[in-house]
K.L.:
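What follows is a structure written as structure tokens; I'll ask about it next.
Hydrogens, waters and symmetry mates are skipped; everything else that's a heavy atom, side chains included, is used. Just so it is clear: chains get the letters A, B, ... in the order the sequence lines come, proteins before strands, and each one is counted from 1.
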Amino acid sequence: MSNERFDPSVADGRWQAAWDEARCFEADSNSDKPKSYVLEMFPYPSGRIHIGHVRNYTMGDVLARYRKMQGREVLHPMGWDAFGMPAENAAMEKGVHPAGWTYQNIETMKGQLKQLGFALDWSREFATCDPEYYGHEQALFIDLFNAGLVYRKESEVNWDPVDMTVLANEQVIDGKGWRSGAEVEKRKLNQWFLKITQFAEDLLEGVQGLDDWPQKVRTMQENWIGKSQGLEFAFDLSNGQKLPVYTTRPDTIFGASFVAVAADHPVAQSLDNEEARDFIALCKKGGTTAAELETAEKLGFDTGITARHPFTGAELPLYIANFVLMDYGTGAIMAVPGHDQRDFEFATKYGLPIPRVVAPSVDEAAKPFDGEAEAGEGVLVNSDFLDGMSVEDAKAEVIARAEKGDWGVGTTVWRLRDWGVSRQRYWGTPIPFIHCADCGVVPVPKDQLPVKLPDDVSFEQPGNPLLRHPTWKDTTCPKCGGAAERETDTLDTFVNSSWYFLRFASQPGDKPFDAAEVAKWLPVDQYIGGIEHAILHLLYARFWTRALAHVGLLDVKEPFGSLFTQGMVTHEVYTLPFNFTSLDGRVIRVPENVGHKHGKFFAISDNVEVLPRPARPGDPMHYVNPSQVRKVSEKAYFLDSDLELNIGKVIKMSKSKKNVVDPEDIIRDYGADAVRWFMLSDSPPERDLPWSEAGIEGCGRFVQRLWRLFGQYEENASGEDKDLARKTHQTIAAVAEDIEALAFNKAVARLYELTSAAEKAAPSDSRSHAIRSLLLMASPMMPHLSEEGWVEMGGKGLVAEAAWPEVDPALLVEDEVTIAIQHKGKLRDTLSAPKGSSKEDLEALALASEKVQRSIDGADIRKVIVVPDRLVNIVT
RNA sequence: GCGGGCGUGGCGGAAUGGUAGACGCCGGGGACUUAAAAUCCCCUGAUCCUAUAGAUCGUGUGGGUUCGAGUCCCACCGCCCGCACCA
């Protein structure tokens, strides 16, 4: 075998082509082998592959290749979540068509994924913006409509009055439109909704069965669905109206000191009072998100109306309050400031009483509050017939009395709201409905699907291009044949990602999927993606699967059997403590515009020399891209100069902080295998992975180290090396266990250990077996290197189609173990003993230790604890 | 604000309640070399000491349970993530 260096620039492409030609990663739906569906969340085609994608897909790839080696029929598909706002933003900013921009990005990114050698079944690839895909989606949407799971209602949106457009929450910054800077208004629009709340109980119960999901994701889903038991009752208002309120704390009813309604509550809306209208208008400013509403300063307006307390008869003031949500409960609350923090802040601000009705004990009924509400457990006080009861008992008592007196009822309320799927945008799935003046809302007949997006649209004017298009929305009513208009809203892109995993499993031409074929592959055996999808995407996909099963299209309930959420890739940030100034005084603030040649800096635009000048206080921070940084032992320098940079925090890679690393650059420099190895090393996959130049260099070195070791493989070596053989078999068993637990960092550490052991060992049959096993175990992680080494070792066929090495259980067992000897819990000595030694023998050995005797120093031995094969602890 | 998570050497981290720091990175020393690159070997938590068979401290902070706690319990501090039109 040649002892030349492994050259990824040649080997990577060679093996990628070989895999393609052998079509070894195409899944066979008719296979007899046990199936394994490995899926990573498909990417949005934003332009180029991000290092976070590389990490995500490398993990999935290792698992997919490993399962194949274990004899599974593996489905490992890839596609594109291709609808969404960035394409429209590009259209507005660069004048390119969203479709052209998107498909161009897909081509680029597919090429980048191929360079990484992922074992993907490209024959099943699709993009959600393909008319074929969204046409099937439209058919499914109509099926759900026919089953009564789709409806329309008025709902609030963020409205930008200058751009005349609806803004996403992320486009609202400090209550202003990101592009126009105009104050954002809340506006009501008639929109499409999916009845996810019909499945609330089922979705909640289903969480119980998701044993292979991270506990935190399960908890987040449960909290999101938010089932709560409480009391709904109505206050009699002084104006003669009845005001229904909902509370989860009926036990604290004697602590209610005011009543509050949301700004868009009918009682507030009906006020014939200019100040009230002004206050409601004030509440309409700013964003619509829960986070914004709840962090905003608590504001209220005293309506002058009062509400009669059902037990005490006291007249409580009625406020309009900005922290009350119309969408939750009845949009009105009884406020108990002593035991709810929001109510506490509000009461403090407006000088309302803060009575105590729950205390640590009955004796502490008069205990003052320490600047905040007390929401915890305790006993009821100052509460008439409830005094002395626990919170739990008091809740039941109040509900019982309300139901008996027929003025209230115990109810279950869900935090989960129906899913608003309307988007007033172009680049999405057109909602397949027609508005007819006579027949109302009518679905497009299925034989007319897909309702395709028009190509001839412009993004130069504000507003929705579909609404503005001169002819697209003109059509005829399928029912009466009269003139009618198409719906111009498109579907939320979360709808696209709610069933793509079904289409990967089965893609007939004439329908969205074949239920029987889907049933062969689903549920997804391992789903891998970012924690940012812990709630919405996963909940919507679970709902969509149930909804399709509900209408009889599917026989699957939970789509994802096992879920793994991986961490982000982070990188330190570099900042430039200088500006560059040319001799004529021009200041260059962007480091990317500066080059370095022959010890001098120059402006790239015109090649004129520039000099670094210390930044002045108040100058903006200049971030420097890693590609312009030279690192020498913990210090960072600008380009090849001796100009030192400041090193900042290690944070998520982002364009604005310029701490991004382009995967294509590092693949070119180190090869796909080194990059893949780095993605798996060191950090546990669920945690953040800090990118470092030194780290990837270490991985590059290890690739070469393994390559040299492969070169030492001898086909006919003789002799046995029992220690190495045991180590090899232990490693095979442990690495398999680690990969199955997705603990790639641990698998990597074990491969390093076996590599070191094999390097140090003398040639023997055991050593050749160790090297061959190493190659096979490393192959899911470093497939190109492994294929290349396999050829050199005279292996048959492709490693990609090889089997995982077998473990000999007899070779796993150690015969000598190290025993820790403690005195009073502190380590005093260690000694070696045969595995399985008796407690008596171990105790005798421990007491014979000189170090232990010195530590005991003649004291009485009270107790000796012996843990077989582990330790002896002597207590004096 | 509400909900969730995470804190171990210079860094990433390992450790079924049982030898804390496996493995990797950085750093230091050495070998090879005319030299460099590459490669290989050794050292590398802190403090103390009479410093190669020594001692003490040490897993965010303060308590607790236990023969024994990074691991279990309580309280606190810090950082990170999600919050319904980003994907």
K.L.:
Run A:Thr429 and A:Arg423 through side chain to side chain donor-acceptor pair (under 3.5 Å) and show every step you take.
P.N.:
CA-CA 10 Å; A:Thr429 304; A:Arg423 297 293 181 270; over 6 Å; no

K.L.:
Looking at B:rC80, I'd like to know if its phosphate oxygens (OP1 or OP2) sit under 4.0 Å from a side-chain N or O belonging to A:Arg687.
P.N.:
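Result: no.
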
K.L.:
Taking 4.0 Å as the cut-off, does a side-chain nitrogen or oxygen of A:Arg854 come that near to OP1 or OP2 on B:rA53?
P.N.:
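So the side chain of A:Arg854 is outside the cut-off, no N or O lying under 4.0 Å from OP1 or OP2 of B:rA53.
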
K.L.:
Side chain of A:Val157, heavy atoms from C-beta onward: which of B:rG18, B:rC85, B:rA53 has the nearest atom to it?
P.N.:
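Nearest listed nucleotide: B:rC85.
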
K.L.:
B:rG30 and B:rA35: how far apart are their P atoms, nearest whole angstrom?
P.N.:
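It works out to 14 Å between them.
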
K.L.:
Within the pair A:Ser692 and B:rC25, is there a side-chain N or O less than 4.0 Å away from OP1 or OP2?
P.N.:
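It does not, given that no N or O in the side chain of A:Ser692 lies less than 4.0 Å from OP1 or OP2 of B:rC25.
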
K.L.:
Tell me which nucleotide among B:rA87, B:rA84, B:rC40 gets nearest to the side chain of A:Thr493.
P.N.:
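The closest nucleotide is B:rA87.
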
K.L.:
Of the nucleotides B:rA87, B:rA15, B:rA20, which has the atom closest to the A:Leu827 side chain?
P.N.:
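That would be B:rA20.
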
K.L.:
Using a cut-off of less than 4.0 Å, is there contact between a side-chain N or O of A:Arg701 and OP1 or OP2 of B:rG24?
P.N.:
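A:Arg701 to B:rG24 OP1/OP2: no side-chain N or O under 4.0 Å.
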
K.L.:
Using the C1' atoms only, state how far B:rA69 lies from B:rU59, rounded to an integer number of Å.
P.N.:
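Straight-line distance between the two C1' atoms is 11 Å.
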
K.L.:
Is B:rG68 in the syn range, within 90° of 0, or in the anti range?
P.N.:
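Anti for B:rG68; the angle lies over 90° from 0.
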
K.L.:
Can you tell me if CD on A:Glu737 sees more than 12 non-hydrogen neighbours from other groups inside 6.0 Å?
P.N.:
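Counting other residues, nucleotides and ligands, CD of A:Glu737 stays at 12 neighbours or fewer.
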
K.L.:
With a 4.0 Å cut-off, would you call A:Lys727 and A:Glu753 a salt bridge?
P.N.:
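Between A:Glu753 and A:Lys727 there is a salt bridge, with a charged N closer than 4.0 Å to a carboxylate O.
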
K.L.:
Nearest to the A:Lys216 side chain among B:rC85, B:rG5, B:rU19, which nucleotide is it?
P.N.:
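It is B:rG5.
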
K.L.:
On a whole-Å scale, what distance lies between the C1' atoms belonging to B:rU33 and B:rC57?
P.N.:
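Their C1' atoms lie roughly 45 Å apart.
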
K.L.:
Starting the side chain at C-beta, find the nucleotide from B:rG1, B:rG13, B:rC57 nearest to A:Arg342.
P.N.:
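It is B:rG1.
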
K.L.:
For nucleotides B:rG5 and B:rA87, find the distance between their P atoms and express it as a whole number of Å.
P.N.:
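27 Å, rounded to whole Å.
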
K.L.:
OP1, OP2 of B:rA14 versus side-chain N and O of A:Asn745: anything below 4.0 Å?
P.N.:
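The answer is yes; a side-chain N or O of A:Asn745 sits under 4.0 Å from OP1 or OP2.
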
K.L.:
Taking the inter-plane angle between the rings of A:Tyr57 and A:His53 on a 0 to 90° scale, is it parallel (under 30°), tilted (30 to 60°) or perpendicular (over 60°)?
P.N.:
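The arrangement is parallel - the two ring planes meet at less than 30°.
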
K.L.:
Closest-nucleotide mapping onto RNA chain B: is A:Gly695 or A:Met220 further toward the 5' terminus? I mean the 5' end.
P.N.:
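The residue whose closest nucleotide sits nearer the 5' end is A:Met220.
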
K.L.:
Check the orientation of A:Tyr134 and A:Phe83. Use parallel for under 30°, tilted for 30 to 60°, and perpendicular for over 60°.
P.N.:
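Aromatic pair A:Tyr134/A:Phe83 classed tilted.
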
K.L.:
Give the nucleotide from the list B:rA22, B:rC85, B:rG12 with an atom nearest to the side chain of A:Glu753.
P.N.:
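Closest nucleotide to the A:Glu753 side chain: B:rA22.
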
K.L.:
Please work out whether the ring planes of A:Tyr752 and A:Phe702 are parallel, tilted or perpendicular, with thresholds of 30° and 60°.
P.N.:
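Ring orientation of A:Tyr752 relative to A:Phe702: tilted.
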
K.L.:
Provide, to the nearest angstrom, the distance between the CD atom belonging to A:Glu697 and the C1' atom belonging to B:rA37.
P.N.:
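Answer to the nearest Å: 13 Å.
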
K.L.:
Would you say A:Arg423 places a side-chain N or O within less than 4.0 Å of OP1 or OP2 belonging to B:rC85?
P.N.:
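Indeed, a polar side-chain atom of A:Arg423 lies that close.
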
K.L.:
Can you tell which of B:rG12, B:rC40, B:rA55 lies closest to the side chain of A:Arg828?
P.N.:
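Given the options B:rG12, B:rC40, B:rA55, the side chain of A:Arg828 is closest to B:rA55.
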
K.L.:
Parallel, tilted or perpendicular: which one describes the rings of A:Trp419 and A:Trp544, with boundaries at 30° and 60°?
P.N.:
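A:Trp419 vs A:Trp544 ring planes: perpendicular.
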
K.L.:
Which one, B:rG24, B:rG54, B:rA84, comes nearest to the side chain of A:Leu416?
P.N.:
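My answer, after comparing the listed nucleotides, is B:rA84.
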
K.L.:
Can you name the one residue among A:Gln424, A:Glu154, A:Arg152 that meets side-chain hydrogen bond (donor to acceptor under 3.5 Å, both in side chains) with A:Gln191?
P.N.:
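For A:Gln191, the side-chain hydrogen bond (donor to acceptor under 3.5 Å, both in side chains) check succeeds only for A:Gln424.
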
K.L.:
In terms of ring plane angle, is the pair A:Phe199 and A:Phe543 parallel, tilted or perpendicular, where the classes change at 30° and 60°?
P.N.:
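Rings of A:Phe199 and A:Phe543: perpendicular, over 60°.
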
K.L.:
Quick one: which of B:rC85, B:rA87, B:rA22 gets closest to the side chain of A:Asp81?
P.N.:
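Between B:rC85, B:rA87, B:rA22, the one nearest the side chain of A:Asp81 would be B:rA87.
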
K.L.:
Distance check needed: B:rG82 C1' versus A:Leu538 CG, whole Å only.
P.N.:
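That distance rounds to 12 Å.
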
K.L.:
Where do N or O atoms of nucleotides 67-74 of chain B meet protein N or O atoms at under 3.5 Å, pair by pair?
P.N.:
from, atom 1, to, atom 2, distance (Å)
B:rC67, O2, A:Asn873, ND2, 2.4

K.L.:
Please check the phosphate of B:rC57 (OP1 and OP2 only) for any side-chain N or O of A:Lys826 closer than 4.0 Å.
P.N.:
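For A:Lys826, the contact criterion (side-chain N or O under 4.0 Å from OP1 or OP2 of B:rC57) is met.
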
K.L.:
Grab the OH-P distance between A:Tyr752 and B:rG13 for me, whole Å please.
P.N.:
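The answer, rounded to whole Å, is 15 Å.
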
K.L.:
What is the separation between atom NE2 on A:His537 and atom P on B:rG82, rounded to the nearest whole Å?
P.N.:
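My rounded result for the distance is 16 Å.
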
K.L.:
Rounded to whole angstroms, how far apart are CD on A:Glu686 and P on B:rG5?
P.N.:
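Taking atom P of B:rG5 as the reference, CD of A:Glu686 is at 14 Å.
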
